[in-house]
Amino acid sequence: MQPTREAVLDALAGGPVSGPALADRLDVSRAAVWKHVEALREAGFEIESGDDGYELAGVPEFGGPAVEYGLDAPFDVEYHDAIPSTNVRGRELAADGATDVVVLADRQTGGRGRLGREWASPGGGVSLSVVCRPDVPATHAPVFTLAAAVAVTRAAREAGVDARIKWPNDVVVPTDGVSRERSDETPPVRSGEGGPAGGERKLAGVLTEMEGEADRVSWVVVGMGVNANVDPVDLPGDANPTSIRAEAGDVDRRAFTQRLLAEFHELRRDPGSVVDAWRDHASTLGRRVRVETPGSEVVGDAVDVRFPGTLVVDTGDERVEVTAGDCEHLRPVR
Ligand code: BT5
């Protein structure tokens with residue numbers, strides 16, 4: 001948010017302030033104060049003017065200025081009520097040289113998952129894409145997917161949802177009584193394969209896109225889609241979806257988005273910390289998994305995750321390192 005505008009809001013949040021006092025405090029003209037106040041009202045902030053001056057009486061529920069105000073991260077927010085895809089818009093901004101911009105939408109009309117899949121994004125959700133230009137080699141890009149999954153998980157847990165991460169990019173909620181914060185349990189004994197474990201509903205997904213040379217990322221667009229205040233019946237049934245509304249009741253999307261962005265910012269500043277944070281919330285580790293990778297399939301026990309996001313699967317014969325793929329949790333075989 002433009003610094004003077006933020007300073008106006010901070011001043012007005014503290015109680016009534018007269019126009020001239022505000023002008024003095026911010027070292028701007030009274031006309032400028034009036035312009036800022038009008039612009040803020042236009043953006044949805046309730047600013048009352050009484051005998052003692054101006055006072056902040058309400059912050060908009062959701063939207064760009066609402067999320068920027070009080071945000072503990074250096075992002076500008078471009079908000080859309082509806083947009084085809086925040087990632088597509090993020091890529092456009094990135095190609096124009098933008099950085100530290102978040103594209104945020106109430107709903108998407110052409111939301112995208114990985115590998116050309118669709119991501120349903122009805123109104124009431126949180127769809128956003130962070131555009132950034134980290135100074136890292138391209139091979140480190142997957143760590144931003146993990147960071148986003150951790151950020152979403154932490155914010156969802158604060159909202160009262162028992163969220164976990166399924167490698168690499170799904171935030172899920174267990175439904176089968178599995179309540180392991182992290183699994184230190186002995187991996188299940190192998191004697192054939194179990195079927196899909198089911199028992200998990202998808203709350204959110206992450207789609208990271210990037211451009212760069214091998215030695216350096218040019219930009220990364222990290223897209224996060226969270227089923228926030230939506231009804232699961234409005235989401236594709238075959239996806240076994242859930243939402244914050246269904247798990248814990250409606251969330252304050254402004255506070256949720258601010259939390260999520262602040263967490264993501266902290267993690268991106270310290271990529272080395274991401275894998276440990278991911279492990280803390282992993283539902284995949286210690287599980288029997290089937291991972292479909294481009295051109296092959298790996299079945300075994302998920303034993304570890306390594307920087308920048310590689311899953312280590314023990315097949316019984318060997319330990320295979322998987323860098324990308326679709327992971328399915330299998331039922332333990334007894
Ligand atoms: C993902 O893909 O999970 C990544 C989703 C990323 C969405 C965000 S929203 C903001 C930004 N802008 C975009 O356009 N995208 C990003 P994947 O792992 O491929 O999972 C896709 C699959 O999840 C689909 O094939 C469905 O089965 C399922 N699915 C679709 N919509 C869902 C929803 N709202 N909730 C749960 N599952 C869903």
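Read the numbers this way: they start at 1 and go in the same order the structure lists the ligands and their atoms.
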How far is [atom] from the closest protein heavy atom, and which atom is that?
{"atom": "atom 33 (C) of ligand 1", "result": "W119 CH2, 3.5 Å"}
{"atom": "atom 31 (N) of ligand 1", "result": "A120 N, 3.0 Å"}
{"atom": "atom 25 (O) of ligand 1", "result": "R117 CD, 3.4 Å"}
{"atom": "atom 12 (N) of ligand 1", "result": "Q108 OE1, 2.9 Å"}
{"atom": "atom 6 (C) of ligand 1", "result": "R112 O, 3.6 Å"}
{"atom": "atom 2 (O) of ligand 1", "result": "R114 N, 3.2 Å"}
{"atom": "atom 26 (C) of ligand 1", "result": "A239 CB, 3.8 Å"}
{"atom": "atom 8 (C) of ligand 1", "result": "G225 N, 3.6 Å"}

Using a strict cut-off of 4.0 Å, indicate which atoms of ligand 1 neighbour a heavy atom of [X].
{"X": "G111", "answer": "14 (O)"}
{"X": "K202", "answer": "1 (C), 3 (O), 17 (P), 18 (O), 20 (O), 23 (O), 36 (C), 37 (N)"}
{"X": "S129", "answer": "11 (C)"}
{"X": "L128", "answer": "10 (C)"}
{"X": "T86", "answer": "10 (C), 11 (C), 12 (N)"}
{"X": "P241", "answer": "35 (N), 36 (C)"}

Face-on cation placement of R254 at F62 ring, 6.0 Å and 45° thresholds: no

Nearest-0.5 Å distance, OH of residue Y69 to CG of residue L9: 5.0 Å

Reported CG-to-CD distance for the pair N227 and E247, which is rounded to 0.5 angstrom: 10.5 Å

Nearest neighbour of atom 36 (C) of ligand 1 from the list N240, L235, N169, N227, on a heavy-atom basis: N227

Option set E118, R91, R201, criterion heavy-atom distance to atom 30 (C) of ligand 1, minimum: E118

Crowding at CZ, R201 (>12 non-hydrogen neighbours, <6.0 Å): no

For [X] and [Y], test the side chains for any donor-to-acceptor distance below 3.5 angstrom and give the result as yes or no.
{"X": "N87", "Y": "S129", "value": "yes"}
{"X": "T4", "Y": "H36", "value": "no"}
{"X": "T86", "Y": "Q108", "value": "yes"}
{"X": "E213", "Y": "S218", "value": "no"}

Audit row: D100, R133, salt bridge (Lys or Arg N to Asp or Glu O under 4.0 Å) steps and yes/no: CA-CA 8 Å; D100 285 3; R133 297 177 178 274; over 6 Å; no

Parallel, tilted or perpendicular, as decided by the 30° and 60° cut-offs, for the rings of H265 and F75: perpendicular

